[in-house]
Chemist: 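Could you have a look at this structure, given as structure tokens, before my questions?
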Amino acid sequence: VSSLLITGIGELVTNDDAGILRAAAVVIEGEQIWWTGPAARAPTADTCVDVAGAAVIPGFVDSHTHLIFAGDRSAEFAARMAGNTYTTGGINSTVAATRDASDSDLRSATARLVSEGRRQGTTTFECKSGYGLSVEDEARCLRIAEEFTSETTFLGAHVVPAGADRGDYVDLVCGPMVAACAGHARWIDVFCDRGAFDADETRTVLDAGVAHGLQPRLHANQLEAGPGVQIAVEYGAASADHCTHLTDADVDALAGSDTVATLLPAAEFCTRSKFPNARRLLDAGVTVALATDCNPGSAYTTSMPLCIALAVREMGMTPAEALSAATEGGARALRRDDVGRVVAGARADLVVLAAPSHVHLAYRPGVPLVDAVVHSGQWEGRTR
Ligand SMILES: [Zn+2]
């Protein structure tokens, strides 16, 4: 196992008790972080990289994406920006394109998005199904997704497909579909919202997923203050995602639970909608994560730095809180403790910024600030 010393780190964000270290160094051994501390006391290693005062942060943990799909919906986006309102109806055009795509086309489209995210610092990501909506196509999408990540989510209950009867479709999801998909997924998710699935349907699907060994997470309260957040807490879900429209009772329920509130500001940005109030959640003691929601309908971005900038500008988060939510928060939303922190024993996932401070992620929006990415100990990007 070879070791790598990264030294000359102007600012090292650890997300650990150590907080932010100045004039720091990190030693990586194989796929893991072996040592962190002051550069002046760093042990020797097989190879050494001096990052010349750059900031180093944990790799981003994007805990909510829909990366398995074919086609795009740029015309729908343009129409929406021209003044039409967002509905979930457009999903069916992605479903048709996805069903028509070959395995190799889906695989290469996914690889392109994964690589795009990696270049922007994402080292762990979750990926949902939900554009197949048949037994065969949902299982196929998850088989391809698990080639890229262990964090796969069965989202057969994304929308009722065009032409299907609601009750029949819920029965299909809870019967043959979950049976075909459970072996390829870690999580079960439901789009519990206006125009999607109601409280009873959501509980029925979650129960079926749990019975097949899947762990719950939920799309909740994106379009209105519905029952989603309360159901997520009731099921001990790892995460309630969106949380844009919350009652005081919803905030209290999240604060008293282990359920993370995952905020997806790219969805509000791309649909020109009201942003969630992160400040209210943080002040109540809720654990907050930031994720991209990358999907072709409402948030076609893989950029965690964009989400950080939006969270700071539009949602009342400080730059430090937004970075924490995009790294450790995402890890907690996936119930992981091996990623999201720069600490001995964690997976060696780091981002070297072309900036002296993590603050620049929000301070310099839209600028490509990711200079290099270390993923499981492998250095990618700019060679020094
Ligand atoms: Zn989503």
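First listed ligand is number 1; within each ligand, the first listed atom is number 1. No hydrogens, no waters, no symmetry mates; every other heavy atom, side chains included, goes into these values. Here the structure is a predicted model, which is why all the values come from computation and not from measurement.
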Chemist: Is any NZ, NE, NH1 or NH2 atom of the basic residue among Arg186 and Glu151 found under 4.0 Å from an Asp or Glu carboxylate oxygen of the other?
Modeler: yes

Chemist: Got a salt bridge between Arg203 and Asp207, using NZ or NE/NH1/NH2 to carboxylate O under 4.0 Å?
Modeler: no

Chemist: Please write out which residues are connected to Val61 in a hydrophobic cluster, directly or through intermediates, given that two of Ile, Leu, Val, Met, Phe, Trp, Tyr count as joined at side-chain heavy-atom separations below 4.5 angstrom.
Modeler: Trp187, Leu334, Val339

Chemist: Could you grab the protein N, O or S atoms closer than 2.8 Å to the Zn ion (ligand 1) for me?
Modeler: His64 NE2, His66 NE2, His219 NE2, Asp293 OD1

Chemist: Looking at Glu126 and Lys128, is there a salt bridge between them, counting it only when a charged N and a carboxylate O are closer than 4.0 Å?
Modeler: yes

Chemist: With under 30° as parallel and over 60° as perpendicular, where do the rings of His66 and His64 fit, or are they tilted in between?
Modeler: tilted

Chemist: If you count the non-hydrogen atoms of other residues, nucleotides and ligands that lie under 6.0 Å from CZ in Arg166, is the total more than 12?
Modeler: yes

